[in-house]
There are 2 protein chains.
Amino acid sequence: MRPTVQDVARQAGVSLASVDRVLNQRPGVREKTIAKVEAAISKLGYIRDVSAANLAKRQIYRFAFVIPEGANSFMRGLEAEIEAVKQHSANDRTEISIYKVPPFDGRALAATLDGLDPARYSGVAVVATEAVAVRDALARLRRNNVPVVTLVSDVPSFQCDAYVGIDNVAAGRTAARLMGNFLGEKSGKIALVAGSMLVRDHVERRMGFEQVIRSDYTRLECLPVIEGKDDGQLVQKYLSECLRMHSDVVGVYNMGAGNRGLIEVLSKNGASKERVVVAHELTEHTRRALNAGIVDAIIHQDAGHEVRSALRILKARIDKTPLLAGQETIRIEIYLNENLS
Amino acid sequence: MRPTVQDVARQAGVSLASVDRVLNQRPGVREKTIAKVEAAISKLGYIRDVSAANLAKRQIYRFAFVIPEGANSFMRGLEAEIEAVKQHSANDRTEISIYKVPPFDGRALAATLDGLDPARYSGVAVVATEAVAVRDALARLRRNNVPVVTLVSDVPSFQCDAYVGIDNVAAGRTAARLMGNFLGEKSGKIALVAGSMLVRDHVERRMGFEQVIRSDYTRLECLPVIEGKDDGQLVQKYLSECLRMHSDVVGVYNMGAGNRGLIEVLSKNGASKERVVVAHELTEHTRRALNAGIVDAIIHQDAGHEVRSALRILKARIDKTPLLAGQETIRIEIYLNENLS
DNA sequence: CTGAAAGCGCTTACAG
DNA sequence: CTGAAAGCGCTTACAG
């Protein structure tokens with residue numbers, strides 16, 4: 001039988017309450033008592049039962065997810081994943097609220113974060129935009145003992161409890177390797193599409209992509225980045241102009257959203273077989289494009305994994321329990337038509 | 001406040017014990033009482049607290065993992081992942097035992113399974129070999145109400161609770177797409193290496209691989225499969241013979257283990273840049289080979305994910321709780337040097 | 001600074 | 001067929 005607090009109390013010759021105080025590092029215990037309890041714990045190999053503790057504490061986890069609103073399919077997929085755990089998590093004494101804020105708007109995000117009551121929420125996960133006001137709002141939550149994780153997009157200037165997302169430089173490098181290898185001996189230009197060069201993810205992906213192309217595929221040349229604001233309409237307009245101007249574009253890399261516009265241009269363009277196309281994030285649109293051969297590869301991050309990982313990390317901080325190493329690494333996934341699951 | 005069994009009992013005008021009987025579908029309750037309780041449950045929106053129930057039941061999960069012994073790095077990685085959750089799972093009232101059996105040996109596997117006491121184990125996960133004795137041993141466990149999942153390698157003739165692993169036909173197709181695209185305009189032969197054509201995974205991967213090569217890359221031709229018994233020494237011997245005999249081998253696909261032998265041959269061979277090499281499973285050896293450019297791509301399955309998924313599925317069966325859709329799909333992962341994490 | 005007792009939301013004998 | 005009471009492994013007031 002596994003030892004319980006009762007056993008520890010008996011072994012140490014103290015009451016249950018004292019064991020509890022030591023276990024939870026509550027103040028007002030004599031050094032000598034602490035020592036006795038700790039000796040008993042290690043002698044018996046006591047491991048505390050977290051769920052029994054949570055039952056006694058009537059612990060309920062309340063989490064806030066703050067994510068961008070708008071048409072971005074990846075973000076809507078992220079929202080769907082949050083909804084899925086939300087339904088499921090009633091079993092786990094967990095309550096989840098979703099707050100949606102305008103995308104690319106640091107002030108709006110900061111205002112929403114400032115509106116979160118630290119007494120109400122036991123943890124916050126946020127798709128962050130970099131801005132001083134955001135950093136300050138996150139710092140306020142941390143000061144009030146609310147653990148914070150950033151999701152998908154990090155804020156390096158703020159030391160949060162964890163960043164749950166991919167390494168975007170490596171993602172760009174991965175895209176470039178696929179592009180370069182798929183192009184074989186061909187030479188020519190690569191069109192680069194991003195949402196905005198003010199967004200960290202996209203800047204990092206571009207950096208990684210250009211690094212690899214320049215060093216390993218010198219017969220290829222990257223055109224200046226087209227900024228499509230993650231908006232399908234704009235992407236469509238700018239990209240078709242670009243392809244008209246440059247007849248020797250052999251590859252297209254979309255490091256941002258707005259894939260609907262990209263797909264529109266390339267499917268009209270017909271000769272998709274002759275160009276290699278790499279984009280980010282598996283959505284219903286990019287899946288269809290992979291199937292149709294309009295897109296050759298998708299670099300993906302698993303939004304469901306990110307949501308569940310964020311929750312595990314926040315709970316571990318709250319319960320002061322260790323995480324399982326390896327489970328919380330978000331991978332840079334590659335999808336071809338063949339391994340869509 | 002969330003309603004509890006107390007609330008349900010009060011609302012239904014019955015005792016706690018009766019509520020419990022209905023909740024757990026225990027026999028010996030009048031239809032009318034069942035109806036009253038069920039009405040109260042749905043009226044209050046009662047959701048049962050599984051961890052409180054497990055505490056009261058002194059429920060301890062005891063799981064057996066049955067895996068192959070031997071030098072196979074993937075299997076040793078799988079074992080390490082089981083060990084990792086084993087350490088961690090003391091917190092979760094979960095005990096895990098690992099049984100190792102000789103690889104490719106259905107009788108030894110069946111004997112081990114037959115030795116598992118159904119009274120002791122609440123669930124079993126097994127890396128299965130196809131054999132009648134194995135199927136019967138698994139059926140015995142199921143008859144004794146022990147849920148069973150197959151790990152990595154399925155036994156289609158046995159209807160188990162779940163198969164936790166990848167679709168190996170799709171994995172083969174994925175390997176072929178990478179091979180074909182990376183080869184660009186080149187034509188020539190592809191050397192195929194497998195462990196054994198008696199093992200289902202390898203047969204399926206081969207099928208998927210050849211399908212895609214034949215239909216989409218007609219300038220490429222697959223050589224007959226080399227069977228290396230997943231043994232580095234043998235793979236090295238047979239593959240180097242094969243490369244000596246065929247001067248026009250432009251690609252190598254290893255659908256089995258024994259990658260150390262493969263890497264040995266190809267690194268000596270020098271001209272690795274001229275051949276495209278695709279293999280399975282990220283291990284310390286294949287990582288190094290990716291880094292060194294000896295291997296171009298690795299098709300991978302996440303052993304840690306598989307272990308954790310198997311545990312979640314078994315627990316859900318035991319607790320009769322729903323699974324979170326999406327979390328249990330094992331993906332066919334693709335690794336290039338750039339997205340190693 | 002310490003301890004006895006009640007309680008968290010369930011389940012389990014046992015009595016009727 | 002049904003219910004009162006004790007108990008699972010913790011924590012929380014409250015009294016001293």
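To find a chain, count down the sequence lines: A is the first, B the second, and so on, and within it residues start at 1.
Donor-acceptor pairing under 3.5 Å, judged by distance alone, is absent between the side chain of B:Arg2 and the base of C:dG9. Applying the 3.5 Å distance criterion, the base of D:dG9 shares no donor-acceptor pair with the side chain of B:Arg93.
Contact annotation: B:Arg30 side-chain N/O to D:dT2 OP1/OP2 distance is under 4.0 Å. Taking side-chain N and O atoms only, A:Arg21 has no distance below 4.0 Å to OP1 or OP2 of D:dT12. Between A:Ser15 and C:dA4 there is no side-chain N or O to OP1 or OP2 distance below 4.0 Å. Dashed line: the shortest gap from a side-chain N or O of A:Thr33 to OP1 or OP2 of C:dT2 is under 4.0 Å.
Listed for the B:Asp161 side chain is no donor-acceptor partner under 3.5 Å among the backbone atoms of B:Val149. The backbone N or O of B:Glu328 sits nowhere less than 3.5 Å from a side-chain atom of B:Arg312 that would complete a donor-acceptor pair. Of the possible polar contacts, one joining the A:Ser153 side chain to the A:Ala128 backbone as a donor-acceptor pair under 3.5 Å is found. Panel note: side chain A:His305, backbone A:Gln327; a donor-acceptor pair is recorded below 3.5 Å.
Closest approach to the A:Arg58 side chain among D:dG3, C:dG7, C:dA4 is made by C:dG7 (side chain taken as heavy atoms from C-beta onward). With distances taken from any side-chain atom of A:Ala53 to the nucleotides C:dC8, D:dC10, D:dT12, the minimum falls on D:dC10. The side chain of A:Ala17 lies closest to C:dA4, out of C:dT2, C:dT12, C:dA4.
Rounded to whole angstrom, the span from the CG atom of A:Asp49 across to the P atom of C:dG9 amounts to 16 Å. Here D:dC1 presents its C1' atom at 12 Å from NZ of B:Lys36, a figure rounded to the nearest Å. Between the C1' atom of C:dT2 and the CG atom of A:Asn24 lies a distance of 16 Å, rounded to the nearest Å. In this structure, B:Gln59 atom CD and C:dC10 atom P are separated by 16 Å, rounded to whole Å. One can place CG of A:Asn54 at 15 Å from C1' of C:dC10, the figure rounded to the nearest angstrom. Computed from coordinates, the B:Leu16 CG to C:dA15 P distance equals 19 Å when rounded to whole Å. Distance CG (B:Leu23) to C1' (D:dT2): 16 Å, rounded to an integer number of Å. Between A:Arg10 atom CZ and C:dG3 atom P there is a gap of 15 Å when expressed in whole angstrom units.
As judged by a 4.0 angstrom heavy-atom cut-off over every strand, B:Val5 is placed among the base-contacting residues. Residue contacts for A:Val50: at a heavy-atom cut-off of 4.0 Å it reaches no nucleic acid atom on any strand shown. Among the atoms of the strands shown, none is found under 4.0 Å from any heavy atom of A:Val19.
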**Request:** Mind running side chain to side chain contact (heavy atoms under 4.5 Å, CB included) on A:Arg48 and A:Asp319 for me, showing each step along the way?
**Result:** CA-CA 11 Å; A:Arg48 120 213 190 102; A:Asp319 294 340; over 6 Å; no
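Contact annotation: the side chain of A:Asp302 never approaches that of A:Arg331 to less than 4.5 Å [non-hydrogen atoms, C-beta and beyond].
Note on A:Arg2 versus A:Asp49: no salt bridge recorded, every NZ/NE/NH1/NH2 to OD/OE distance being 4.0 Å or above.
The two residues A:Asp154 and A:Glu130 have their closest heavy-atom pair at O-CG, 4.1 Å. Nearest heavy atom pair, residue B:Thr4 against residue B:Tyr46, reads C-CE1, 3.6 Å.
In terms of position along DNA chain D, the nucleotide closest to B:Val29 lies nearer the 5' end than the nucleotide closest to the other residue of the pair A:Ala52 and B:Val29. Residue-to-nucleotide proximity on DNA chain C shows that, of A:Ser18 and B:Ala56, the 5′-proximal contact is made by A:Ser18. Sequence order on DNA chain D of the closest nucleotides to A:Ser51 and B:Gly13 puts B:Gly13 first from the 5' end.
Across all strands shown, D:dA4 forms no Watson-Crick or G-U wobble pair with both distances under 3.5 Å. The partner of D:dA13, taking Watson-Crick or G-U wobble pairs whose two distances both stay under 3.5 Å, does not exist in any strand shown.
Residues from residues 37-48 of chain A with heavy atoms under 4.0 angstrom of DNA chain D, sorted by number: A:Tyr46, A:Ile47, A:Arg48.
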